[in-house]
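Read the structure below first, then the notes.
What you see below is based on every heavy atom in this structure, not just the backbone, and it leaves out hydrogens, waters and symmetry mates. On a predicted model such as this, the values are computed, not experimentally measured, just so you know.
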Amino acid sequence: MTSSELWSRETADRYDAEEAELSSAAFLGPTLDFLAELAGEGRALEFAIGTGRVGVPLRERGVPVVGVELSEHMAAVLRRKVDEDTLPVAIGDMATTVVPGEFTLVYLVYNTITNLLTQDEQVECFRNAARHLAPGGRFVIELGVPPLRFLPPGQVAVPFDVSDRHIGFDTFDLVEQVLVSHHLTRDGDDGRYRRGNSRHRYAWPAELDLMARIAGLELERRVADWDGTPFAQDSAKHISVWRKPTA
């Protein structure tokens, strides 16, 4: 097992409800278009497939999908949606777990590479992606740009959501390059909030490019979102595509 925090049964059971907006057909359309085009006629491998928010509808698009997932509880929720023959899932970590065959696409969405809390493990994740890719295949990561420019001197917290039912903010350890996401979520109408947090190792685009180079991959494209908006200095996140050379 890697340093990733293991998602509990309680978290898995409420995950889809909490992420309903991000699971809608309208929201996922550009993501699925982007990934399906890169997969082409080949197979796709999703690291940290979770409850299948992306993998299940991508499979419904006709792309053969295989998943790797550390949490058996998250995989159990996915299994309620699709059977093992249709979408196989290997239980294990994304840095070392190997599944049979080659893939034209390996992808890792929704900031999930930051669940690996050390640089060494993130490098191994790139190596594992390269291990599974056919020559010419692509590795895709969706990741936020660390919002350190929003930190005033002497302050360690940046809010990312303030709404009626949720308050979220990140605190940063700039020495260890680790952030903690804090969540206060109102489950009912009695005014009480449920508190949760998770740890992440943030990484800059240039650092990921070096990890890719170590794994033998080459940067092919970087955009600001799944619609292909050009990546710029003020972009809040990036979609990066690295390619495995053909020779």
* Grab the two heavy atoms, one from Gly62 and one from Pro64, that are nearest each other, plus how far apart they are. => O-CD, 3.4 Å
* **Co-membership, hydrophobic cluster, residues Ile239 and Phe27, 4.5 Å side-chain** => yes
* Hydrophobic cluster identity match, Leu208 and Leu117, side-chain contacts under 4.5 Å -> no
* To do: Determine whether the side chains of Glu207 and Gln177 contain a donor N or O and an acceptor N or O closer than 3.5 Å.
  => yes
* When you look at His132 and Asn128, which way does the side-chain contact (heavy atoms from CB on, under 4.5 Å) test go after all the steps? -> CA-CA 7 Å; His132 286 91; Asn128 200 27; 3.2 Å; yes
* Asked: If only atom types and distance count, is the side chain of Thr104 paired as donor or acceptor with the main-chain N or O of Ala39 below 3.5 Å?
  -> yes
* To do: Verify whether one side chain among His200 and Ser198 offers a donor that lies under 3.5 Å from an acceptor in the other.
  => yes
* Asked: Taking ILVMFWY side chains as joined if any heavy atoms are under 4.5 angstrom apart, and letting links pass through other members, which residues group with Leu179?
  -> Val145, Leu148, Phe150, Leu151, Val158, Phe172, Leu174, Tyr202, Trp204, Phe231
* Which pair of non-hydrogen atoms, one from Ala134 and one from Lys244, has the smallest distance, and what is that distance? -> O-CD, 3.9 Å
* **Side-chain donor or acceptor of Thr97 paired with backbone N/O of Met94 under 3.5 Å** => no
* **Residue pairs fulfilling salt bridge (charged side-chain N to carboxylate O under 4.0 Å, His left out) with at least one residue in residues 130-141, sequence neighbours excluded** => Arg138-Glu220
* **Hydrophobic cluster membership, Leu38 vs Ile141, 4.5 Å side-chain cutoff** => no
* Got more than 12 heavy atoms from elsewhere within 6.0 Å of CD, Glu41? -> no
* **Under-4.0 Å salt bridge between Arg80 and Asp13** => yes
* To do: Could I get the full list of salt bridge (charged side-chain N to carboxylate O under 4.0 Å, His left out) partners for Arg43, not counting sequence neighbours?
  => none
* Asked: Which distance, rounded to the nearest 0.5 Å, do you find between the OG of Ser4 and the CZ of Arg199?
  -> 11.0 Å
* same_hphob_cluster(Phe126, Val109) at 4.5 Å side-chain heavy-atom cutoff -> no
* Which ring-ring contact (aromatic ring centres under 6.0 Å, His included) pairs, counting each pair once, include a residue from residues 29-53, with sequence neighbours left out? -> Phe34-Trp226
* **Phe160 and Pro147, any side-chain heavy atoms less than 4.5 Å apart** => no
* Please, which pairs that meet salt bridge (charged side-chain N to carboxylate O under 4.0 Å, His left out) have at least one residue in residues 141-155, sequence neighbours excluded? -> Glu142-Lys237
* Please confirm whether the backbone N or O of Leu116 pairs with a side-chain atom of Gln122, one donor and one acceptor, at under 3.5 Å? => yes
* Asked: Leu87 and Val56: side-chain contact (heavy atoms from CB on, under 4.5 Å), yes or no, with the steps?
  -> CA-CA 8 Å; Leu87 202 165; Val56 170; 4.2 Å; yes
* Thr229 backbone acceptor or donor facing Asp225 side chain under 3.5 Å -> yes
* What distance do Glu218 atom CD and Arg213 atom CZ have between them, rounded to the nearest 0.5 Å? -> 9.5 Å
* Nearest 0.5 Å, what's the NE2-CZ distance between His166 and Arg194? -> 8.5 Å
* Minimum side-chain heavy-atom gap Arg221-Val223 below 4.5 Å -> yes
* Asked: Using 30° and 60° as the class limits, which term best fits the ring planes of Trp242 and Phe139: parallel, tilted or perpendicular?
  -> tilted
Anything under 3.5 Å between a donor and an acceptor, one on a side chain of residues 48-55, the other on a protein residue two or more places apart or in another chain? List them.
from, atom 1, to, atom 2, distance (Å)
Thr51, OG1, Asp16, OD1, 2.7
Arg53, NH1, Leu22, O, 2.8

* **Heavy-atom side-chain proximity of Met211 to Arg127 below 4.5 angstrom** => no
* **Distance (rounded to the nearest 0.5 Å) between Leu133 CG and Leu217 CG** => 6.5 Å
* Looking at side-chain heavy atoms only, is the closest gap between Val99 and Val68 below 4.5 Å? -> yes
* Check: Ser71 main-chain N/O paired with Glu69 side-chain donor or acceptor under 3.5 Å -> yes
* Arg9 CZ: over 12 foreign heavy atoms closer than 6.0 Å -> no
* Asked: Does Arg165 have any salt bridge (charged side-chain N to carboxylate O under 4.0 Å, His left out) partners at least two apart in sequence or in another chain, and if so, which?
  -> Asp189
* Asked: Are Val241 and Tyr107 joined in one hydrophobic group, where the rule is that I, L, V, M, F, W and Y side chains link up if heavy atoms are under 4.5 Å apart?
  -> yes
* **Val180 and Asp170, any side-chain heavy atoms less than 4.5 Å apart** => no
* Least distance between heavy atoms, Ala224 atom then Pro230 atom -> CB-O, 3.6 Å
* Asked: Which pairs count as salt bridge (charged side-chain N to carboxylate O under 4.0 Å, His left out) when at least one residue sits in residues 105-119, sequence neighbours excluded?
  -> none
* To do: Using atom types as modelled and distance alone, determine if a side-chain donor or acceptor of Thr171 lies under 3.5 Å from a backbone N or O of Ala157.
  => no
* Any chance you could measure Ile167, atom CD1, to Asp161, atom CG, to the nearest 0.5 Å? => 9.0 Å
* Flag side-chain contact, heavy atom, 4.5 Å: Glu46 against Val106 -> no
* Crowded around Arg222 CZ? As in, over 12 foreign heavy atoms under 6.0 Å? -> yes
* To do: List in chain and number order the residues that pass side chain to side chain contact (heavy atoms under 4.5 Å, CB included) with Arg195, two or more places apart in sequence or in another chain; answer none if no residue qualifies.
  => His182, Leu184
* For Asp83, all residues meeting side chain to side chain contact (heavy atoms under 4.5 Å, CB included), sequence neighbours excluded -> Asp85, Thr86
* To do: Applying salt bridge (charged side-chain N to carboxylate O under 4.0 Å, His left out), name anything that partners Asp227, two or more places apart in sequence or on another chain.
  => none
* Structure fact -> One should read off an interatomic distance between Leu108 CG and Ile113 CD1, to the nearest 0.5 angstrom, of 5.5 Å
* Structure fact -> For Arg61, the salt bridge (charged side-chain N to carboxylate O under 4.0 Å, His left out) test, sequence neighbours excluded, returns Asp33
* May I ask you to check whether over 12 heavy atoms, not counting those of Gln155, lie within 6.0 Å of atom CD? => yes
* **Ala203 versus Leu143, closest heavy-atom pair with distance** => O-CD2, 3.8 Å
* To do: Using a 4.5 Å cut-off on heavy atoms from C-beta on, say whether the side chain of Leu35 contacts that of Leu105.
  => yes
* Would you please test Asn111 and Thr114 for side chain to side chain donor-acceptor pair (under 3.5 Å) and show each step? => CA-CA 6 Å; Asn111 302 320; Thr114 66; over 6 Å; no
* Could you go step by step and tell me if His238 and Ser240 meet the side chain to side chain donor-acceptor pair (under 3.5 Å) rule? -> CA-CA 6 Å; His238 61 97; Ser240 294; 2.7 Å; yes
